[in-house]
Protein chains: 4
Amino acid sequence: LPSDLFSATYERGDAVAAVNAEAWLQALLDVEAALARACATEGLIPEEAQNAITAACASAADFDLVAIAAEAGDHATPVVPLVRILRERVGPDNGRYVHVGATSQDIVDTAAMLVAKRALTSVLADARAAADACAGLAERHRQTAVAGRTLLQQALPTSFGLVAAQWLTAIAAPLGGLEGMRSWALAVQMGGPVGSRSPAVADQVADYLDLAAPRMPWHTDRTRVVALAATLGMLGGSLGKIARDVTLFAQTEVGELSEGGEGRGGSSAMAHKHNPVAAVSVLACSKRLPGLVATMLAAMEQEHERAAGAWQAEWGTLTQILTLTGSAAAWSRDLLENLEVDVDRMRANLGSLAEAGVADAASPEQHLSGALELIDRALKDYRG
Amino acid sequence: LPSDLFSATYERGDAVAAVNAEAWLQALLDVEAALARACATEGLIPEEAQNAITAACASAADFDLVAIAAEAGDHATPVVPLVRILRERVGPDNGRYVHVGATSQDIVDTAAMLVAKRALTSVLADARAAADACAGLAERHRQTAVAGRTLLQQALPTSFGLVAAQWLTAIAAPLGGLEGMRSWALAVQMGGPVGSRSPAVADQVADYLDLAAPRMPWHTDRTRVVALAATLGMLGGSLGKIARDVTLFAQTEVGELSEGGEGRGGSSAMAHKHNPVAAVSVLACSKRLPGLVATMLAAMEQEHERAAGAWQAEWGTLTQILTLTGSAAAWSRDLLENLEVDVDRMRANLGSLAEAGVADAASPEQHLSGALELIDRALKDYRG
Amino acid sequence: LPSDLFSATYERGDAVAAVNAEAWLQALLDVEAALARACATEGLIPEEAQNAITAACASAADFDLVAIAAEAGDHATPVVPLVRILRERVGPDNGRYVHVGATSQDIVDTAAMLVAKRALTSVLADARAAADACAGLAERHRQTAVAGRTLLQQALPTSFGLVAAQWLTAIAAPLGGLEGMRSWALAVQMGGPVGSRSPAVADQVADYLDLAAPRMPWHTDRTRVVALAATLGMLGGSLGKIARDVTLFAQTEVGELSEGGEGRGGSSAMAHKHNPVAAVSVLACSKRLPGLVATMLAAMEQEHERAAGAWQAEWGTLTQILTLTGSAAAWSRDLLENLEVDVDRMRANLGSLAEAGVADAASPEQHLSGALELIDRALKDYRG
Amino acid sequence: LPSDLFSATYERGDAVAAVNAEAWLQALLDVEAALARACATEGLIPEEAQNAITAACASAADFDLVAIAAEAGDHATPVVPLVRILRERVGPDNGRYVHVGATSQDIVDTAAMLVAKRALTSVLADARAAADACAGLAERHRQTAVAGRTLLQQALPTSFGLVAAQWLTAIAAPLGGLEGMRSWALAVQMGGPVGSRSPAVADQVADYLDLAAPRMPWHTDRTRVVALAATLGMLGGSLGKIARDVTLFAQTEVGELSEGGEGRGGSSAMAHKHNPVAAVSVLACSKRLPGLVATMLAAMEQEHERAAGAWQAEWGTLTQILTLTGSAAAWSRDLLENLEVDVDRMRANLGSLAEAGVADAASPEQHLSGALELIDRALKDYRG
């Protein structure tokens, strides 16, 4: 069952599959397995125990997710029941080597970073495709004159290619930021009960999971997760800007852009309408992000070595941020790859500027040199 | 499957069952059925059509929720596929009488209010039980001296009964606010495509669904949903305040309160610990609410007769607010009904005030007359 | 000096004068004076002391605001220096009767409510004038056909009078809510150091200051201030909705509304432009409110009998909320009282609907009966 | 006059002087001067005009700030009156060379970046001093045993030096982020009315103002200002975490840390109290930041080439974010430079863990090797 009747709006694309309950459980298992490997490498547990533990952690499908989720409530963490079950499965001899030296936050935080890393693969792929589509529009419409509009008033002619190039730039910045996250923000947590564990095991776990090895445990230093959340929020903000522009360009009275895509945009009551469904869906997601990022920021005030409430508020919030940004990116890709540009209408709409005596509006194509220079810059920057 | 590995934390209590995908679908069906009844009453559709439509709308279990949710994406609303299916089911003669004069927002907004009304039943029951537990504590601990603490410093003695009475008052205000919502905020929407439909049908639908009949359609006047969201956020804030106090009272060095409840609060790494799991869970929920309420407020900026994005951002946000407030209430009820009070430790901890020369601290019981007067006021107010 | 180079945008109207530093100081003095009167009435201090204290508290202009504000930093409250100065001014005999039984939060919280009450006078006056202007538009434009627009697409014709009536309704709800605040939310705080003071003095102070007498001290029960903040936020949200509509109606390609007002809206670079300055200014204010309301909600988690940080975060936030809502109301009044309606353009823009074969669009005036009924309802409701 | 009776809490340190009305006006003038220089360099205006303009822009003190702020309201920007005044001052011949090719947003955005750059100097200096103080504590208290506390319960012993080292790390990350802003986020805006101006002038202006030269105009691509805001919010979050810890360590029942500083922390009603004023003040600021950052994120949805409302909402919000983060940093520096550590109390409080049978608690110093390794890492990382 979908978690939500509105999942097609909020959960488009592949990010959601990387953050659902089963994906979280798999990530927890992957962390316990990596911990066992690291402990074996460091000589803290026998090789045999490691083998038993990694085998037991292989697949979330072997676990009763409903039971674990229910029991998690008694401990405010799913790690307590999970460790108990793992110990049962590997038997009494190996059981004592499960979860060695770790605290539940080590497992949950590292799993969160794995979940994020996996979800980011989809988010980034869709965002990059959206950016590519902008680059294509910028290139194709270098010479397409369109009214530049400020405060929703026609101001002066510009190039629609420049509009698209600026969309591209607005996506490219957070995209670059998110790619940079892998080297530091997506880090292992393995500090032990009060964050004082020697870092050797953490360094190994990082290696096995392809996550960053932090200089210090970060149980209550939440700069990493907040940086991730804020950069995702920023990507959502840029995608929302583009979608807002599309809804404005697509107004009946403007008619310069419309959404392609077959069978989409019908109304339950009005056959003549063609609704900008993809743009609306991007905005339905992007508008939910600022409040969620604020929750993450407010949750930075975490007490001592483990917070009572603020940390636990992050789990669902980060999951939502990844889902909604992923959905906004998937919808944006769809929107931009299928966007239909009415070049004639763009030209015709400049008429009122010409009537108002704006010289450039009569022959706008002759005034685009600055725009062309900027488009070339943007494309060169993006394509490297 | 739980929608979330952390559902025991975020989705405790019965509110979640009133807001899940199936409950939303049932609410949509209930609205279409009520619309058919109202249209028949007003003579707009034949009685036979009404019977066919209400029969078809009887149970969400008869519908393929996954397919509807998927198709909803093409229209940014699940109403388009739902109406199509209903028309198919009632046959060509009756089909034209489905959804008469309505727009998809009519159905979704009214369904949202039904969903909210149903979820509120659980939220209010748990919040009221939490308040009852506070009243019991206030009564039992009228004479229990405890340090009043300001800026986390001991200030002067007070009565623990007064502490509980103030918790009670903080819950009672939003509780009253939510009960008042039923008469105006939980209103029918039935304004038709551009909000200009004559109100007769809306008034009937309100009657059938036991919702308020609005003076005007409110497609882009979102004061109702925002009032609901903000008052839920306020309840969450009061519950968070209580939970924060409990975590502070339960500190190892203070030890004046602890959570009861068997088998709860164990640590994955430290057998000697007893964690305040219920309080932490309340806070995990309450800390997520302010950002969500901000999203609802920001979404008030809705264009013309139907917003492109801001309205669609509400659905998931309101669902989350109801779920999280319900969970906070259920956890709070559990917390307060099982709270263990260490009266001796409260008295002993006043020692440092007495040492500091605070006269009242030596015989605090003799200085509680103001507190007793206030406790009596609070109890009388609450119990009416 | 203005506190802000952008004060004309953010601080229009009279609310700002009710919340500035001097107004806050005067409110603190008014509370100390009312406390002295109440203590004298209750026989707790001599009449002579009361006279001296109320005389000393008469005017904020007699105090060195800069010095008090500076010294406030050492105590995280301006009340400590203020009480010291008051004691000096009334002399050693009367000095001990200053601030009797009160704590600094009593004074600051009660002053906050006085400040809010005074600011609300302006906010409500401007909001009511804006609502009156909407009522006037609704009446004058009952029969003015305009395109109803959903998802920024023309949908069906409606009446511009109905558009204005719905603006009216969206303002009237929070307006009513704010008027209702006076009877409970705008309450005295006079609970003493740990909130256990007998309520007799508080009741008197409430009487003198024309504020509500709370059943209980509310030092860490912040439902009152949050209800106030959220309802102001809701008013801001409704005003933002109207302003957004105006910017859309005023687009070059739509041209159905424009802002009146002489000498306004010029551009620094483009002589032909006429910018919707008032609408933009409303939005500049309204968009700042959701985050501020979230801060107030998040700050409800207040520890024990006085919070360490969350309470102190409220002061500036509430001040800003009052200022920005007041400014949004003042700008909205200006916007709506001077709005210019181009009835011909509204009619002409319906042409595309008619071309699309929408039957109502050819003779829209014949399809407004529902709209007229709703307009009448709204006007009757508002005018009572 | 202080803008705020609570300025000592919210506006400590030097950042506020870099963001007040006069500083903003000076920044606007600096941008107009730099534009004139760049235009002269590019041969667009005569050298003589450049000299006259830069002379006229030398000092904000020569301008009637109150009049400019008032007139700004008519245009939703202070640039319109400022340009008019500058043109008057340089005379009719040079007047036409003022503001050449620029739009008001060019001037305001570039000025915002100048204001931010100047404010950051103070913010970073105070934050770095706070980090230095943490480093000092980490070094001095390597061997100081203290209870590690999770969910506000004593868990296991750790080193107070490690606590301080983790504070250090939490400050260092956003500090590094802010230092990195100079090379890209703090960029010139000089795109002209619709963002299509050839970049040559922008590159020159960047050079003169020591700001980054953007690849593209960013009138409605707000990733830069949001990255700045979010990173400031993150710094505030880390400082809030430290301050929260201090209030907990300073509780009467814990007593392990106290604030130094003479004459601070007195109560208006209770002589025996010593309030953690600096920590409370940090929190009063840090708690206001998440909502403000959310406002900036929500404001990313900016229409076309200049937003109607969302951009104008940024000005006051960014100003507040800089002020409050600066104040939090200044208060944190004070807090951490004067922090008093009660080593004996830390040791004594471990008694309850020892009683609970936690082996390490009896001789905690023997179990700090991991902590020492981590402290060394953190110090080495920070000191390079």
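So that the names make sense, note that chain A is the first sequence line, chain B the second, and so on, each numbered from 1.
- A:Ser196 has its side chain out of reach of D:Leu368: every pair of non-hydrogen atoms, C-beta onward, lies at least 4.5 Å apart.
- With a 4.5 angstrom heavy-atom cutoff, A:Ser238 touches chain D via backbone and side-chain atoms both.
- Side-chain contact between A:Thr150 and D:Pro193 is absent, with no heavy-atom pair separated by less than 4.5 Å.
- At a threshold of 4.5 Å between non-hydrogen side-chain atoms, the residues D:Gln154 and A:Val194 do not count as touching.
- Smallest separation of non-hydrogen atoms from D:Ala294 and A:Ala294: CB-CB, 3.8 Å.
- For D:Ala307, the part sitting under 4.5 Å from any heavy atom of chain A is the backbone (N, CA, C, O) and nothing else.
- Contact annotation for A:Ala165: both backbone and side-chain heavy atoms come within less than 4.5 Å of a heavy atom of chain D.
- Between chain A and the options D:Leu374, D:Asp245, D:Thr158, the largest number of non-hydrogen pairs under 4.5 Å is found for D:Leu374.
- Only the backbone of D:Arg197 comes within contact range of chain A, judged by heavy atoms closer than 4.5 Å.
- Contacts from residues 224-233 of chain D to chain A, taken as heavy-atom pairs separated by less than 4.5 Å, involve D:Val226, D:Ala227, D:Ala230, D:Gly233 in sequence order.
- The two residues A:Gly195 and D:Gln166 make their nearest non-hydrogen contact at O-NE2, 3.6 Å.
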Legend entry - Derivation and outcome, side-chain contact (heavy atoms from CB on, under 4.5 Å), residues A:Met296 and D:Val293: CA-CA 11 Å; A:Met296 296 296 288; D:Val293 174; over 6 Å; no
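- From A:Leu151, atom CG reaches atom CD of D:Gln105 across 8.5 Å, with rounding to the nearest 0.5 Å.
- Only the backbone of D:Pro214 comes within less than 4.5 Å of a heavy atom of chain A; no side-chain atom from C-beta onward does.
- Within the 4.5 angstrom heavy-atom criterion, only side-chain atoms of A:Glu373, from C-beta onward, approach chain D.
- A salt bridge does not link D:Arg149 with A:Glu305: every distance from a Lys NZ or Arg NE/NH1/NH2 to an Asp or Glu carboxylate oxygen is 4.0 Å or more.
- Heavy atoms of A:Pro217 lying under 4.5 Å from chain D belong to its backbone as well as its side chain.
- For D:Gln153, no part lies near chain A; criterion is any non-hydrogen pair under 4.5 Å.
- Taking D:Thr169 as the reference, A:Met216, A:Asp221, D:Ala378 meet the side-chain contact (heavy atoms from CB on, under 4.5 Å) condition, with sequence neighbours excluded.
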Legend entry - Check against side-chain contact (heavy atoms from CB on, under 4.5 Å), A:Lys241 and D:Met300: CA-CA 6 Å; A:Lys241 181 269 183 293; D:Met300 290 185 76; 5.7 Å; no
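- Neither the backbone nor the side chain of D:Ala243 comes within contact range of chain A; no heavy atoms are under 4.5 Å apart.
- Looking at D:Thr223, both its backbone and its side chain come within 4.5 Å of chain A, counting heavy atoms on both sides.
- At a 4.5 Å heavy-atom cutoff, the contact between D:Leu283 and chain A is made by side-chain atoms alone.
- Side-chain contact check for A:Val146 versus D:His304: every heavy-atom pair is 4.5 Å or farther apart.
- The contact between D:Lys287 and chain A is made entirely by side chain atoms (from C-beta outward), counting heavy-atom distances below 4.5 Å.
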Inset, instruction - Kindly indicate, with the supporting measurements, whether the criterion salt bridge (charged side-chain N to carboxylate O under 4.0 Å, His left out) is fulfilled by A:Glu303 and D:Arg244. - result: CA-CA 7 Å; A:Glu303 304 94 359; D:Arg244 171 53 63 216; 5.4 Å; no
